[in-house]
2 protein chains.
Amino acid sequence: MPTQQKIRDTEAANRGSASRREILDAAARLFLKNGYGDTSLRELANEVGMKAGSLYYHFASKEQLATEVLGIGVKGVAEAVSARLDDAGGGASPSQRVSIAIRAHLDAILNDSGYTSAHIRCFPYTPANVQAQLRAVRRDYEDIWTGLIDDLLGPRRNEDDARYLRLAVLGALNWSLEWFDPERDSAETFAATVERLILGAEIPGQAG
Amino acid sequence: MPTQQKIRDTEAANRGSASRREILDAAARLFLKNGYGDTSLRELANEVGMKAGSLYYHFASKEQLATEVLGIGVKGVAEAVSARLDDAGGGASPSQRVSIAIRAHLDAILNDSGYTSAHIRCFPYTPANVQAQLRAVRRDYEDIWTGLIDDLLGPRRNEDDARYLRLAVLGALNWSLEWFDPERDSAETFAATVERLILGAEIPGQAG
DNA sequence: TAGTCTAACTAACAATTGTTAGTTCGCGTC
DNA sequence: GACGCGAACTAACAATTGTTAGTTAGACTA
């Protein structure tokens with residue numbers, strides 16, 4: 001590689017370059033709508049008013065672009081949930097904390113910028129390379145929920161029960177991407193439904 | 001189109017042609033693994049030991065192939081659920097019927113031939129054409145669950161509650177495709193968790 | 001044996017893909 | 001005014017895509 005392109009360092013992309021964020025925004029939108037494989041760089045470039053080749057000034061490859069978009073998505077929902085839990089303060093009960101997390105997660109999926117939804121919908125179809133690079137951030141977010149559920153079930157909980165409860169709730173929430181219609185549906189009503197499900201369920205070895 | 005290819009009628013494909021079913025099987029497998037857009041006809045052909053062009057003897061287009069695969073998927077799970085409900089007979093309570101349906105649906109996703117899982121994972125990324133053609137069969141299956149939930153909640157149910165309960169449960173089940181690991185997980189234990197969620201939830205306007 | 005049908009094949013097509021190299025234009029700084 | 005740099009451009013590349021036309025080999029049937 002004789003004349004290597006100058007690629008801006010991914011993490012230290014603080015300075016200006018308004019269009020870089022525009023590209024990421026548009027990429028999130030297209031990834032959400034079309035999936036990873038069916039989003040072409042020409043379509044993306046066209047969306048932000050440039051040509052495909054120009055994207056390579058900002059990103060080293062499609063994979064790196066996707067990694068960045070999906071990374072913002074997980075970090076975004078993790079921060080949103082954490083923030084609202086912090087707002088609730090130390091006095092909140094485990095049940096209340098779960099309620100808060102449900103609403104924050106749903107809000108991030110349905111109302112936020114699209115990065116989180118893009119992550120949820122695209123991640124499984126992303127190249128192994130991308131998935132590997134996202135493992136750590138995904139794990140961070142997973143840990144938040146593991147903690148919430150552990151607190152809810154208490155010290156006498158069963159390991160598998162906690163895992164399946166967490167996956168069931170997140171599944172119910174994430175799946176809303178496939179059917180939620182802002183014209184018809186209410187995020188709050190759905191959140192209340194999921195909340196009733198998890199808080200109303202009897203935990204084996206817990207009752208009586 | 002002077003020399004139109006002889007395409008066997010889709011529905012009346014009863015006679016022999018073992019390899020037609022082989023193609024469908026392989027397509028379901030690849031669609032599940034790679035998604036619709038990232039499954040190439042050459043890869044599919046290679047999987048069944050022929051060349052890409054030869055597939056067009058059996059199917060008019062990639063879209064038609066996908067329509068057929070995903071159609072088998074929905075019909076399969078609908079029939080599986082119906083059959084097990086029928087087995088239970090008229091004496092089964094609404095709760096019992098929901099339990100049965102949960103297990104039948106999960107079984108179709110996790111253990112069956114792959115058509116149903118391919119449908120669940122691929123449908124959203126499929127061309128509009130394909131989605132339109134699958135609308136009716138999808139609706140048929142949806143109706144089964146609507147009936148189950150309606151019976152569970154009873155005549156005093158709220159319309160939205162029923163809808164969101166159904167979507168939450170199916171979401172929890174369908175999402176298992178993203179995490180279920182046969183080495184680690186137990187479908188029965190997860191089914192029991194989801195069952196506890198839905199049967200343990202207090203229904204508003206129902207209690208007291 | 002001649003004719004027809006099944007089921008594949010080969011070879012190419014136009015389009016699209018991610019990617020790269022080299023160029024250009026404008027803006028600020030010496 | 002010359003220089004350097006950020007940020008785009010053009011034009012092409014090799015590969016891959018769905019798809020089609022025409023061909024071929026084998027098996028059944030008259």
Show your reasoning for whether side chain to side chain contact (heavy atoms under 4.5 Å, CB included) applies to A:Arg196 and B:Leu165.
CA-CA 10 Å; A:Arg196 248 190 342 267; B:Leu165 189 56; over 6 Å; no

Listing, residues 23-37 of chain A side-chain donor-acceptor contacts under 3.5 Å, not counting sequence neighbours, or none:
{"residue": "A:Asp25", "atom": "OD1", "partner": "A:Tyr115", "partner atom": "OH", "Å": "2.4"}
{"residue": "A:Arg29", "atom": "NH1", "partner": "A:Glu47", "partner atom": "OE2", "Å": "3.0"}
{"residue": "A:Asn34", "atom": "ND2", "partner": "A:Glu43", "partner atom": "OE2", "Å": "3.4"}

Distances for protein N/O vs nucleotides 11-14 of chain C N/O pairs under 3.5 angstrom?
{"residue": "C:dA12", "atom": "N6", "partner": "B:Arg42", "partner atom": "NH2", "Å": "3.3"}

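Here A:Arg97 pairs with A:Leu85, A:Ala92, A:Leu148 under the side chain to side chain contact (heavy atoms under 4.5 Å, CB included) rule; sequence neighbours left out. Partners of B:Phe180 by ring pair (Phe, Tyr, Trp, His ring centres under 6.0 Å), not counting sequence neighbours: none found. Shown here are the side chain to side chain contact (heavy atoms under 4.5 Å, CB included) partners of B:Asp150, two or more places apart in sequence or in another chain: B:Thr146, B:Arg157, B:Ala162.
Closest to the A:Ser61 side chain, of the nucleotides C:dT19, D:dA8, C:dC9, is C:dT19. Distances from the side chain of B:Lys51 to the nucleotides C:dC9, C:dA8, D:dC9 place C:dC9 closest. For B:Leu41, the side-chain atoms get nearest to D:dG18 when compared with the rest of C:dA8, D:dG18, D:dA8.
Residue B:Leu44 contributes atom CG, which lies 12 Å from atom P of D:dT19 at whole-angstrom precision. Protein atom CG of A:Asp38 is 18 Å distant from nucleotide atom P of D:dT16, rounded to whole Å. The distance from atom CD of A:Gln64 to atom P of C:dT19 is 11 Å, rounded to the nearest whole Å. With rounding to whole Å, A:Leu55 atom CG is found 13 Å from C:dT20 atom P. In this structure, A:Tyr56 places its OH atom 21 Å from P of D:dG6, rounding to the nearest Å. When the P atom of C:dT17 is taken as reference, atom CG of A:Asn46 falls 11 Å away, rounded to whole Å. Atom CD1 in A:Ile23 sits roughly 7 Å away from atom P in D:dA8 (whole-Å rounding). Here the P atom of nucleotide C:dG18 and the CG atom of A:Leu30 are 12 Å apart, to the nearest Å.
Side-chain contact between A:Glu195 and A:Arg103 is present, with at least one heavy-atom pair separated by less than 4.5 Å. Residues B:Asp107 and B:Arg84 have side chains in contact (heavy-atom distance under 4.5 Å, counting atoms from C-beta outward).
The aromatic rings of A:Trp179 and B:Tyr164 lie tilted to each other, with the angle between the two planes from 30° to 60°. A parallel orientation is assigned to the rings of A:Phe123 and A:His119, their planes being inclined by less than 30° (bins at 30° and 60°).
Note on B:Ser40: only backbone sugar-phosphate atoms sit closer than 4.0 angstrom, heavy atoms only; bases stay farther off. Across all strands shown, B:Lys62 has heavy atoms under 4.0 Å from sugar-phosphate atoms exclusively, and none from any base. Residue-level contact check: B:Gly49 touches the backbone only, with heavy atoms under 4.0 Å from sugar-phosphate atoms and none from bases.
For C:dT6, the OP1/OP2 oxygens have no side-chain nitrogen or oxygen of B:His58 closer than 4.0 Å. Between A:Ser54 and D:dA7 there is no side-chain N or O to OP1 or OP2 distance below 4.0 Å.
Distance check, rounded to the nearest 0.5 Å: CZ of B:Phe59 to CZ of B:Arg20 gives 4.0 Å.
End-to-end axis angle for the helix from C:dT4-D:dA27 to C:dC30-D:dG1, using five pairs per end and rounding to 10°, comes out at 10°.
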